[in-house]
Amino acid sequence: MYKTSSPKVQLPAGTYPAGLLASFAPRLIAWQREHGRHDLPWQNTRDPYRIWLSEIMLQQTQVSTVIPYYARFLERFPTVEALAAAPSDDVMALWAGLGYYTRARNLHRCAQVVTDEHGGQFPSTGEALAELPGIGRSTGAAIASFAFGARETILDGNVKRVLARVFGVEGFPGEKRVENAMWTLAESIVPGAAASDAEVSAYTQGLMDLGATLCGRGKPDCARCPFAADCVANATGRQRELPAARPKKVVPQRRTWMLVLMDGDAVMLEKRPPSGIWGGLWSLPEAADEAALAERAQAYGASDAAAKGIPLMPLTHTFTHFKLDIEPRLVEVMRDAAALEANDGAFAWVPLAQIDAYGVPAPVRKLLDGLRGPLL
DNA sequence: AAACCGGGGCA
DNA sequence: TGCCCAGGTTT
């Protein structure tokens, strides 16, 4: 749910230089007009449909990738009603290749809500726009400012970087406290009430352009920046420290035992459940400890003596949220043809040379690749 | 390999 | 209400 006035806290006087706060918008607008981007396909229109479509596509996707998709979408769906009426498959097919497919589903749903519940008209405030599927606070503000001249601020990753550097905002922007402070700051520097719609658009576009061009993550081009003389990061050489990086949290270590069950040159792979880690991929049978793994091996026909298996080289795989230590155990058996008949697609014996034809998690593939030479 | 990313779902 | 995730790309 969108919070109208974000934190209900005023920017305390003296937190930032008053001159910089007051001059920020006019200087950004002047810079955008001189040095910003002006020829993107979704600029120079005030059609909320076209602006909305571009903003959704631009979430997590760069401009050059979006451009051809944007053109195809508009050609096929010139209006929000046309998009709303389209079969889901058509929408998904046109989106194919852009990634983040929940965006496409939300896009379609949003078009239907606008058509069915808003008479085909997009709402004109960020708050109302953010009620729609796939539109959050920042995207809502972007659409409202470009399409309706609303003096509302965006706050995406680019803008957070610019504000953190220019104003010297400390702390990790992913932290709620810091993000709230940035919303307050961003709201306090939007163009004044006298600003024209064109100035409001240039301002929002300027925030995007500055973050995307001069003030990028890697090495900002401070020499060309309109705020170089006031920028805290530039003055202190802390461009690389601002904004503060996500605090490294110690990722949890997990450990799993994997059964490399071999019959000749074939290894047994199990199909994983459709959701969760490696959902739907083919992988080795797993157990939480060595004893449990031995039981699984016996269930697949290994003798008591052989079930513990031969330890292979352990390997570590890093996920976003945890590290996984894999302890492989090699067990050789004679495959059970009857069980294979009855297995219902739950497992398969696959010659090592053919595992590339199966969807196998990268670390498991690596493990199995290591087995090919010596054993054959 | 690690950092980054707006919105949505969920505790 | 705040935290974390999914599913990608960039560095």
Side-chain angles (χ1 to χ4, degrees), chain A residues 1-9 52-67 69 92 95-110 113 126-127 129-144 152-165 171-183 186 204 207-208 211-213 215-220 239-252 273-281 315-324 359 361-363 366:
Chain A
M1 181 66 67
Y2 182 104
K3 296 159 290 283
T4 311
S5 54
S6 70
K8 307 239 190 294
V9 183
W52 163 71
L53 180 63
S54 74
E55 290 300 328
I56 301 300
M57 287 186 164
L58 288 165
Q59 288 170 359
Q60 291 136 320
T61 307
Q62 57 181 25
V63 166
S64 58
T65 306
V66 163
I67 287 174
Y69 282 87
M92 298 310 286
W95 194 273
L98 266 183
Y100 303 99
Y101 296 94
T102 57
R103 285 188 302 170
R105 283 186 286 275
N106 283 334
L107 183 89
H108 196 202
R109 279 176 51 218
C110 183
V113 171
E127 183 174 4
L129 285 159
E131 302 282 327
L132 297 166
I135 303 179
R137 183 174 176 182
S138 186
T139 302
I143 299 167
E152 300 184 22
T153 190
I154 59 171
L155 187 67
D156 63 10
N158 282 334
V159 180
K160 286 174 180 172
R161 189 169 53 247
V162 170
L163 295 183
R165 284 175 175 162
F172 168 54
E175 194 185 322
K176 201 65 194 166
R177 207 189 91 253
V178 178
E179 195 186 0
N180 286 345
M182 286 189 167
W183 274 111
T204 301
L207 285 178
M208 297 175 170
T213 58
C215 199
R217 184 153 71 99
K219 41 175 176 20
Q239 290 94 333
R240 295 187 52 153
E241 283 82 56
L242 293 172
R246 170 186 297 276
K248 297 204 188 302
K249 62 167 182 252
V250 195
V251 293
S275 64
I277 294 298
W278 300 332
L281 299 183
L315 61 158
T316 300
H317 185 71
T318 306
F319 292 88
T320 307
H321 303 292
F322 62 96
K323 273 189 172 173
L324 186 66
K366 188 175 154 199

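We name chains A, B, ... by the order of the sequence lines, and we start the count at 1 in each one.
Remark: C1' of C/dC3 and CZ of A/R177 are 16 Å apart, rounded to the nearest angstrom. Look at CZ on A/R246: it is 12 Å from P on B/dG6, rounded to the nearest Å. Note: CD (A/E241) to P (B/dA3) measures 15 Å, nearest angstrom. Going from atom CG of A/L58 over to atom P of C/dG8 covers 18 Å, rounded to whole Å. The interatomic distance linking A/L107 (CG) with B/dG7 (C1') rounds to 14 Å, in whole Å. The separation between A/H108 atom NE2 and B/dG7 atom P is 21 Å, rounded to whole Å. One can place CE of A/M57 at 16 Å from P of B/dG7, the figure rounded to the nearest angstrom. Residue A/Q59 contributes atom CD, which lies 15 Å from atom P of C/dG8 at whole-angstrom precision.
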Can you check nucleotides 8-11 of chain B for protein contacts, nitrogen or oxygen pairs under 3.5 Å, and list what you find?
{"from": "B/dG8", "atom 1": "OP1", "to": "A/G134", "atom 2": "N", "distance (Å)": "2.2"}

Pull out every protein N or O sitting under 3.5 Å from an N or O of nucleotides 9-11 of chain C, one pair per line with the distance.
{"from": "C/dT10", "atom 1": "OP1", "to": "A/Q62", "atom 2": "OE1", "distance (Å)": "2.5"}
{"from": "C/dT10", "atom 1": "OP1", "to": "A/Q62", "atom 2": "NE2", "distance (Å)": "2.7"}

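For C/dG7, the OP1/OP2 oxygens have no side-chain nitrogen or oxygen of A/T102 closer than 4.0 Å.
Atom CH2 in A/W52 sits 9.0 Å away from atom CG in A/L132 (nearest 0.5 Å). Of the inter-residue distances, the one linking A/D156 atom CG with A/Q60 atom CD reads 10.5 Å to the nearest 0.5 angstrom. For the atom pair SG of A/C110 and CD of A/E131, the computed distance is 11.5 Å after rounding to the nearest 0.5 Å.
Here the shortest heavy-atom pairing between A/A186 and A/L155 reads CB-CD1, 4.5 Å. The nearest pair of heavy atoms linking A/N158 to A/M208 is ND2-O, 4.1 Å.
Of the two residues near DNA chain C, A/R105 and A/G174, the one whose nearest nucleotide lies more 5' is A/G174.
Here the nucleotide nearest the side chain of A/R161, chosen from B/dG6, B/dC5, B/dC4, is B/dC5.
Of the possible polar contacts, none joining the A/T204 side chain to the A/A142 backbone as a donor-acceptor pair under 3.5 Å is found. The closest donor-acceptor contact from the side chain of A/R161 to the backbone of A/C215 lies under 3.5 Å.
In this model, no donor atom of one side chain and acceptor atom of the other lie less than 3.5 Å apart for A/N106 and A/R103.
Because its NZ or CZ atom is both nearer than 6.0 Å to the ring centre of A/W183 and within 45° of the ring axis, A/R137 counts as a cation-pi partner of that residue.
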